[in-house]
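Quick caveat: nothing in here was measured; it's all calculated off a predicted structure. Letters A, B, ... mirror the listed sequences (proteins, then strands); counts begin at 1.
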Number of protein chains: 2
Amino acid sequence: IPQSHHAGTGPQSARRNQPFLTPPEEEEGGGGMGRGKIEIKRIENQSNRQVTFSKRKNGILKKAKEISVLCDAEVGVVVFSSAGKLYDFCSPRTSLSRILEKYQTNSGKILWDEKHKSLSAEIDRIKKENDNMQIELRHLKGEDMNSLQPKELIMIEEALDNGLTSLHEKQMEHYDRLVKHVCMS
Amino acid sequence: IPQSHHAGTGPQSARRNQPFLTPPEEEEGGGGMGRGKIEIKRIENQSNRQVTFSKRKNGILKKAKEISVLCDAEVGVVVFSSAGKLYDFCSPRTSLSRILEKYQTNSGKILWDEKHKSLSAEIDRIKKENDNMQIELRHLKGEDMNSLQPKELIMIEEALDNGLTSLHEKQMEHYDRLVKHVCMS
DNA sequence: AGCGCTATTTATAAAAG
DNA sequence: TCTTTTATAAATAGCGC
């Protein structure tokens, strides 16, 4: 998409990143080439501060999304610009409320009363069930088996064999039906 | 401090970033040069997932701190590892509670009282997920297959075959380890 | 679990539109 | 204010300890 212009300059080999041994002509005679390091302290210029906020806010939300996907982590992020505008992110399959609830449980800090403990408890229970199935599924698919003992592997193997057997029977039924159908026509 | 070795390869002018047209001698005969892009999807290898989580978690908390300082923003971040360990950040001069209060005011979402809805919605969602996994599990175990089409059966078959293949590899590892152990004793 | 190393990939500060 | 561009600064994947 970028692939800017590059009016037919010629060969333009595959090299990239020609640093700038000689400044390849300043775009304008004028001054600033800049980009550069900044120290981590409040940006005084309000405009710059706003721009930087916008960029970094996007950056953080993106990072949050990435870690939640990559590492299967639960993440909640809430950001207010200095102007008071709100931005937030919450990992999929959960909610800020849920994360905060967990936060309370885990940190001991109480963010709100405990009216919803029971609902929460049910969610925990179901999620646990969920996790167990997830694990079983993974195992049947041959994933995450490093922690398994030989005995457990054998049980999985039996399950898989049984599955295949049943499945083949079923496939045979389909096959027979097909053959029968063809013969009759 | 770093300034590693670089045994006198020669002139080594000020250029950096010599990619690696020819690998300038591998340190050891051994293999891995690696580093590289990864796609944003769950990291299957548990160990890598944990390491990446740790690194990126630090990264996000750092970014949160930076934006809060640079841009005078209020930021709250809560992260749970997949193992359930909690990490969090909150900008200075405030607290998570205060940020959340502001969040409610600003977003209209009421985290506490309206939590019922989100909780029950979540329960519904999880239960549905649960059901789907249940079905998939049954299928892999060769149950409830009457409603499946041949094509679907084939997909299941492939899954089972893949599972068996992976599993046999794993069993082979156990076996090899056992043999090795016996021989050594 | 964490730190150091380095090649690469990303994020971004500045500038200009 | 948001976007695109470009040169730099940072983050980080895969190793090794």
Starting from [atom2] on [N], measure out to [atom1] on [X] and report it in whole angstrom.
X	N	atom1	atom2	value
K63(A)	dA10(D)	NZ	P	14 Å
E39(B)	dA13(D)	CD	C1'	14 Å
I60(B)	dA11(D)	CD1	P	12 Å
I38(A)	dA15(C)	CD1	C1'	16 Å
K62(A)	dT10(C)	NZ	C1'	7 Å
I40(B)	dT12(D)	CD1	P	10 Å

### Message
Heavy-atom nearest nucleotide on DNA chain D for K85(A) versus N58(B): which residue maps closer to 5'?
### Response
K85(A)

### Query
Should the pair K65(A) and F89(A) be classed as cation-pi, given the thresholds of under 6.0 Å to the six-membered ring centre and 45° from the axis?
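Output no; distance or angle outside limits.
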
### Query
Cation-pi between K109(A) and Y103(A): NZ/CZ under 6.0 Å from ring centre and within 45° of the ring axis?
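No, cation not above the ring by the 6.0 Å, 45° rule.
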
### Query
Contacts to DNA chain C from residues 43-56 of chain A, heavy-atom cutoff under 4.0 Å, which residues?
T52(A), K55(A), R56(A)

### Message
Quick check on Q171(B): does its CD atom have over 12 non-hydrogen neighbours (other residues, nucleotides or ligands) under 6.0 Å away?
### Response
yes

### Query
Is any side-chain nitrogen or oxygen of K37(A) closer than 4.0 Å to OP1 or OP2 of dA13(C)?
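For dA13(C), neither OP1 nor OP2 has a side-chain N or O of K37(A) closer than 4.0 Å.
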
### Task
Could you work out the complete set of other residues in the hydrophobic cluster of L148(B), with links drawn between I, L, V, M, F, W and Y side chains under 4.5 Å apart?
M133(A), L137(A), L140(A), M145(A), L148(A), L153(A), I156(A), L160(A), L164(A), L167(A), M133(B), L137(B), L140(B), M145(B), L153(B), I156(B), L160(B), L164(B), L167(B)

### salt_bridge(E74(B), R93(B)) N-O dist < 4.0 Å
no

### Task
For L70(B) and for K57(B), find the nucleotide of DNA chain C with the closest heavy atom, then tell me which residue's nucleotide is more 5'.
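Mapping each residue to its closest nucleotide by heavy atoms, the 5'-most match is K57(B).
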
### Task
Give a yes or no on whether the backbone of S68(B) and the side-chain of D72(B) come within a donor-acceptor separation of less than 3.5 Å.
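Side chain of D72(B) to backbone of S68(B), a donor-acceptor pair under 3.5 Å: no, none is there.
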
